[in-house]
Amino acid sequence: MDTAITNILLVGVGGQGILLASEILSEAFMLAGFDVKKSEIHGMSQRGGSVVSHVRFGKEVFSPVVPEGQGDILFGFELLETYRYLSLLKPGATVVANDYKIAPPSVLLGQAVYPQALPEKIKATFPDFLLVDGQGLALRAGDVRAANTVMLGAVSKRLQIADAVWQQALEKMVPKKALEINLKAFAMGREL
Amino acid sequence: MKEILSGNEAFARGAYEAGCLVASAYPGTPSTEILENVINYKEINASWAPNEKVALEVAIGASFGGARALACMKHVGVNVAADPLFTASYTGVKGGLVLVAADDPEMHSSQDEQDSRNYARFAKVPMLEPADSQECLAFTRLAFELSEQFDTPVMLRSCTRISHGKSLVELGERVSGLPAPKLVKDAPKLVMLPGNARVRHPMVEERTVKLSEYGDSAAINRMELHSSEIGVICAGVTYQYVREALPDASVLKLGMVWPLPAKLIQEFASKVAQLFVVEELDPFIEDQVKAMGIACQGKELTTLCGELSPGRIQAAFDKAGIIKVAASEAIAIEPVPPRPPNMCPGCPHRGVFYQLNRANAYVTGDIGCYTLGFMPPLNAMDTCVCMGASISMASGMVRALPPEEQKRVVAVIGDSTFLHTGINSLMEMAWNKAPATVIILDNRITAMTGRQENPASGFTLSGDETSMVNIPELCRVLGIKHVRVVDPYDLDATRLAIEEEMNRPEPSVIITNRPCCLIKGADRFEKGKVLEVDQGKCTGCKACLRIGCPAIEWKPNPDGNKGKAFIDPQLCTGCTVCQQLCKFNAIGGRK
Ligand SMILES: Cc1ncc(C[n+]2csc(CCOP(=O)(O)OP(=O)(O)O)c2C)c(N)n1
Ligand code: SF4
Ligand code: SF4
């Protein structure tokens with residue numbers, strides 16, 4: 001095994017289920033035999049604020065936070081937040097984002113506009129950019145709440161981890177009654 | 001078997017494995033989940049206390065009764081618990097006594113970033129600092145052993161990145177064969193009056209010397225020798241940052257940050273050409289190393305404020321010319337609107353702040369979700385210092401002011417905060433007849449930290465039904481004559497109550513009675529009928545935007561005409577507050 005560490009950042013808005021997604025990722029990396037560290041902030045940021053979760057895996061991981069400018073994969077749950085955190089990435093990094101918008105307070109109040117053409121701007125800096133219709137695909141899988149799982153599926157393709165391991169991680173982390181839909185959503189994301 | 005655990009889960013597991021029998025805490029980020037995980041272990045009697053002083057005293061009592069006991073709190077909680085802590089240092093323990101203090105460098109969710117290590121030194125109790133979840137578990141076990149071995153409370157220091165970071169942990173078994181708790185009379189040790197305390201104090205000083213010697217050879221303090229050029233002393237999460245930022249440096253990793261192992265530090269210093277101390281916040285280790293007469297650099301390089309990170313450490317060492325870091329390409333993005341936290345849709349606090357703003361109140365605030373009431377568009381909080389301070393500060397403020405200004409002073413405090421340290425303040429206000437107005441925002445829960453039960457919520461930490469503090473009655477027995485309860489979803493009634501009580505030249509209390517919208521269980525929070533904006537009737541006056549509900553969105557009209565408001569049916573809880581603001585009857589039940 002080489003000593004390289006893969007740095008993943010999950011970003012979005014408090015309440016979007018980022019914590020669970022980062023738990024599933026971490027679980028999969030552990031099952032695949034890697035050292036894993038993960039870090040996020042609870043508390044204030046939960047009230048609809050901007051959220052970043054760090055997941056790192058490799059042979060041996062020290063810092064639980066991804067060093068500035070070292071992110072390999074940005075996993076965005078919301079477009080504006082995806083754009084906001086691009087600066088955490090290294091040049092040539094991969095960006096997988098949900099095509100989903102949540103207006104921040106200044107936009108809700110009509111004092112600012114939601115930034116335009118974000119996908120184009122992201123693509124211009126990070127050519128390895130995948131925009132996913134998370135909600136749409138989740139709906140096709142059977143439940144719009146499985147959008148994050150579609151996204152996970154899309155991200156999983158960029159990581160060298162066996163299908164069986166993902167399956168095992170989902171089985172452990174997703175409630176039984178939602179498992180079938182989530183496995184389907186995951187598979188749809190993995191095909192993208 | 002390996003599991004992936006957060007630091008807080010691992011502290012809880014460590015307490016379980018150590019044979020801990022009693023645990024008490026008051027919630028506070030980032031420490032809250034420790035106790036929430038302790039309840040997974042039925043062998044431990046775990047409960048919330050109304051504040052940190054009480055939590056620590058519960059643990060001290062259990063320890064004196066012979067049980068291993070745990071208390072947990074955030075860094076500022078130790079300020080509240082400082083009184084018992086300092087004297088428990090003199091009494092020592094019967095069963096092992098461990099206090100977890102979780103710091104919050106960078107103030108992700110705190111009002112200051114004090115460094116708890118100073119408390120260990122000040123109270124003369126040892127402090128261990130884990131660097132990952134495995135160490136959270138192992139150090140908790142060790143802390144209980146050291147507590148009994150050296151007859152002292154032991155502090156564990158965590159921080160946001162440790163408590164809320166996850167890493168792999170090997171689990172162990174719960175120890176068995178600990179002595180059963182029983183009552184033992186031992187006044188010379190447990191009754192701290194001058195005569196006894198004078199005997200105990202020299203024992204405390206001797207204990208510190210012995211602990212320092214223990215640290216010289218303890219496995220938790222270890223040298224990792226690499227380069228003989230650069231040596232770094234570090235502890236906790238900073239150790240991880242240092243290993244990543246300076247992979248070639250030799251490291252002295254301290255597991256015990258008070259007292260310091262003087263001999264080991266000397267030995268390490270002699271093995272490297274240049275010695276550095278890298279630590280978050282205060283130069284706690286650095287000052288002591290310098291006082292030992294050992295040359296080192298610390299805060300010359302790294303900041304006193306905020307968190308460190310591998311990048312920040314590399315930048316500091318690069319700037320000082322000690323290492324060379326290849327400049328990386330900065331990725332530029334255009335400025336975008338910020339996304340600060342906001343109160344939830346339908347939050348019962350919102351209408352109160354709206355009316356306080358309109359009443360031109362000067363609001364001495366407190367800490368909780370409602371502190372967000374200081375933000376636009378509500379802009380209705382003027383001070384926030386520490387838990388409980390709203391009422392006592394209002395009481396002091398009115399004394400300084402002329403009568404017209406006195407009227408404007410309103411203290412706003414949550415139920416959990418009121419029961420934490422607000423009761424004393426209200427007692428003072430009533431006793432000394434300070435003519436301020438107090439609003440207790442009773443949302444039946446400790447919401448800010450993730451909805452923990454409190455003494456007025458009717459449930460314990462484990463969800464058992466229990467007694468419930470009657471807040472209006474409590475205010476009356478404290479001596480407040482004018483106590484009224486108001487529905488914060490009724491804007492007119494709220495306005496009337498605020499105006500009348502502000503104008504009353506006597507102490508008075510208004511209590512709101514709507515639960516937090518995130519409380520689970522239909523019997524406590526009931527969702528109303530989702531509302532919508534009738535686009536035909538909406539004139540675009542923006543009145544409903546003045547409460548800042550995240551469910552209401554302003555949509556500008558693309559053809560330049562006035563825009564209109566929309567309500568997101570997924571988010572709306574049907575609280576009706578916006579409906580009451582609309583003069584054009586445009587907001588109504590969703591068809
Ligand atoms: C001494 C101290 N302990 C704990 C905290 C963490 N904390 C901040 S606000 C809060 C409770 C807020 O509950 P409540 O007053 O009921 O207001 P709510 O959030 O429910 O609106 C806690 C525990 C703190 N800031 N200071
Ligand atoms: S958690 Fe409860 S009290 Fe806090 S902002 Fe949301 S509704 Fe209000
Ligand atoms: S009724 Fe109005 S203020 Fe209340 S949650 Fe719905 S949109 Fe927000």
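So you know, we letter chains A, B, ... as the sequences are listed, proteins then strands, and number each from 1.
For chain A, the nearby parts of B/V336 are the backbone and the side chain; heavy atoms of each come within less than 4.5 Å. Heavy atoms of B/D568 lying under 4.5 Å from chain A are absent altogether. If you measure heavy-atom distances from A/P91 to chain B, the contacts under 4.5 Å come from both the backbone and the side chain. Of the two parts of A/S87, the backbone and the side chain both hold a non-hydrogen atom closer than 4.5 Å to a non-hydrogen atom of chain B. Heavy-atom distances place the side chain of A/T125, and not its backbone, under 4.5 Å from chain B. Neither the backbone nor the side chain of A/E60 comes within less than 4.5 Å of any heavy atom of chain B. Both the backbone and the side chain of A/E40 come within contact range of chain B, each with at least one heavy atom under 4.5 Å from a heavy atom of that chain. For A/I102, the parts lying near chain B are the backbone and the side chain together; criterion is any non-hydrogen pair under 4.5 Å. In this structure, no portion of B/P30 lies under 4.5 Å from any heavy atom of chain A. Within the 4.5 angstrom heavy-atom criterion, atoms from both the backbone and the side chain of B/R312 approach chain A. Interface residue B/I552: only backbone heavy atoms are found under 4.5 Å from chain A. Heavy-atom distances place the side chain of A/E23, and not its backbone, under 4.5 Å from chain B.
Side chain to side chain, B/Y354 and B/R350 fail the donor-acceptor criterion of an N or O pair below 3.5 Å. The closest side-chain donor-acceptor pair between A/D72 and A/T6, if any, does not fall under 3.5 angstrom. When only modelled atom types and interatomic distance are considered, A/S26 and A/K38 share no side-chain donor-acceptor pair under 3.5 Å. Side-chain polar atoms of B/R161 and A/S39 form a donor-acceptor pair below 3.5 angstrom. Side-chain atoms of B/S110 and B/E113 form no donor-acceptor pair, as typed in the model, at a separation below 3.5 Å.
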CA sep, side-chain torsions, deciding dist, call: A/D128, A/R158, salt bridge (charged side-chain N to carboxylate O under 4.0 Å, His left out): CA-CA 11 Å; A/D128 186 12; A/R158 325 265 153 153; 2.9 Å; yes

Applying side-chain contact (heavy atoms from CB on, under 4.5 Å) to A/S50 and A/V13, what does each step give before you reach the verdict? CA-CA 5 Å; A/S50 166; A/V13 178; over 6 Å; no

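Taking the six-membered ring for Trp and thresholds of 30 and 60 degrees, A/F34 and A/F29 have ring planes more than 60 degrees apart, a perpendicular arrangement.
In this structure, A/K123 forms no cation-pi arrangement with A/F129, as its terminal cationic atom is not both closer than 6.0 Å to the ring centre and no more than 45° off the ring axis. Remark: B/K542 qualifies as a cation-pi partner of B/W554 under the 6.0 Å distance and 45° angle criteria applied to the six-membered ring.
Judged purely by atom type and a 3.5 angstrom limit, A/R56 has no side-chain atom pairing as donor or acceptor with the backbone of A/P64.
With chain A as the partner, the residue from B/E329, B/E553, B/E334, B/E307 showing the most heavy-atom pairs under 4.5 Å is B/E334. Among the candidates B/P550, B/C347, B/S328, B/A330, the residue making the largest number of heavy-atom pairs closer than 4.5 Å to chain A is B/P550. Heavy-atom pairs under 4.5 Å with chain B were tallied for A/K121, A/R84, A/K90; the largest tally goes to A/R84. Note on B/I162, B/V242, B/I331: by heavy-atom pairs under 4.5 Å with chain A, the leading option is B/I331. Residue with the most contacts toward chain A among B/K555, B/E33, B/M375: B/E33 (heavy-atom pairs, distance under 4.5 Å).
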